[in-house]
Amino acid sequence: MEKKIISKIALFCAIMVMMASKTSHATDLSPKAVSKWAKALNPANEKFTNLHFFLHHLHNVTAVTIARGATTDKSPTFFGLLDARDDPLTAGPAEASDHVGYAQGISAAASLQGISSYDPFTFVFTNEEYNGSTLSVLGSCALFAPSCEAAVVGGSGAFRLARGWVTTRSYYLNFTTGKASLEVNVVALHY
Ligand SMILES: *[C@@H]1O[C@H](CO)[C@@H](O)[C@H](O)[C@H]1NC(C)=O
Ligand SMILES: *[C@@H]1O[C@H](CO)[C@@H](O)[C@H](O)[C@H]1NC(C)=O
Ligand SMILES: *[C@@H]1O[C@H](CO)[C@@H](O)[C@H](O)[C@H]1NC(C)=O
């Protein structure tokens, strides 16, 4: 009888410790916890992560124009057009496949020479593995280009101190409906 109670208490303690370690990693952002994390940082523990997913863009729905310059409408490269976007990310090419997060940011037509956009945005992950973690991306890309390369300049949560790069490939594109899907590959080093 006593043994049974002790093992039950031991099991309860083990579960509490597991829950505490899980939440402290995810949510303890106090200066003390952050300093402790930084002090324990060991370059030998740098991690490598390769992610592959699909981005779904629908003009006027997941991306909307928020500003335009006085001369934008006359510009052959839409120079000065600024969009806000929140494109959903899925594990597979189908929009109904497992949802993994969002690409949230802005996209500015920032070239007088050709149609190219300056895209600062954040991959905000919502899947079980990386829930709440983010990767910040910066680059000059044409959204509708067949392929594109941009830099990963940082991250949070599971991707603290991230650096890396993103490559995208056009998977589906329809100018009439404003619908586009991109295949995304991320290579990142982080702690
Ligand atoms: C992600 O975290 C949010 C907020 O903590 C929670 O509501 C949601 O259920 C989590 N999602 C997954 C897939 O674990
Ligand atoms: C684009 O979508 C329109 C409307 O659904 C359709 O009529 C057209 O065939 C599509 N074009 C391509 C290239 O898929
Ligand atoms: C988006 O909305 C604007 C303004 O209403 C419209 O001119 C444009 O044709 C729309 N684009 C698509 C792809 O629906």
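Order of listing sets the numbers, starting from 1, for every ligand and every atom in it. Residue indices begin at 1 and follow the sequence shown.
Taking 4.0 Å as the cut-off between side-chain N and carboxylate O, Glu95 and Lys179 count as a salt-bridged pair. Salt bridge absent: Asp83 and Arg85 never bring a charged side-chain N and a carboxylate O closer than 4.0 Å.
Under 4.0 Å from any atom of ligand 1, one finds heavy atoms of residues Thr126, Glu128, Asn131.
Annotation for Trp165: hydrophobic cluster partners, listed by chain and number, are Phe48, Val187, Leu189 (ILVMFWY side-chain heavy atoms under 4.5 Å, direct or chained). Connectivity analysis of hydrophobic side chains (ILVMFWY, heavy atoms under 4.5 Å, direct or indirect) links Val34 to nothing; its cluster partners are none.
Judged by distance alone, the side chain of Ser75 and the main-chain N or O of Thr77 form a donor-acceptor pair under 3.5 Å.
At least one N or O atom of Asn174 sits closer than 3.5 Å to an N or O atom of ligand 2. Ligand 3 has a nitrogen or oxygen under 3.5 angstrom from a nitrogen or oxygen of Asn60.
Using a 30° and 60° split on the angle between ring planes, His57 and His59 fall in the parallel class, below 30°.
Contact atoms of ligand 2 toward Thr177: 2 (O), 4 (C), 5 (O) (distance under 4.0 Å to a heavy atom of the residue).
For residues 80-111, the pairs satisfying ring pair (Phe, Tyr, Trp, His ring centres under 6.0 Å) are His99-Tyr102, with sequence neighbours left out.
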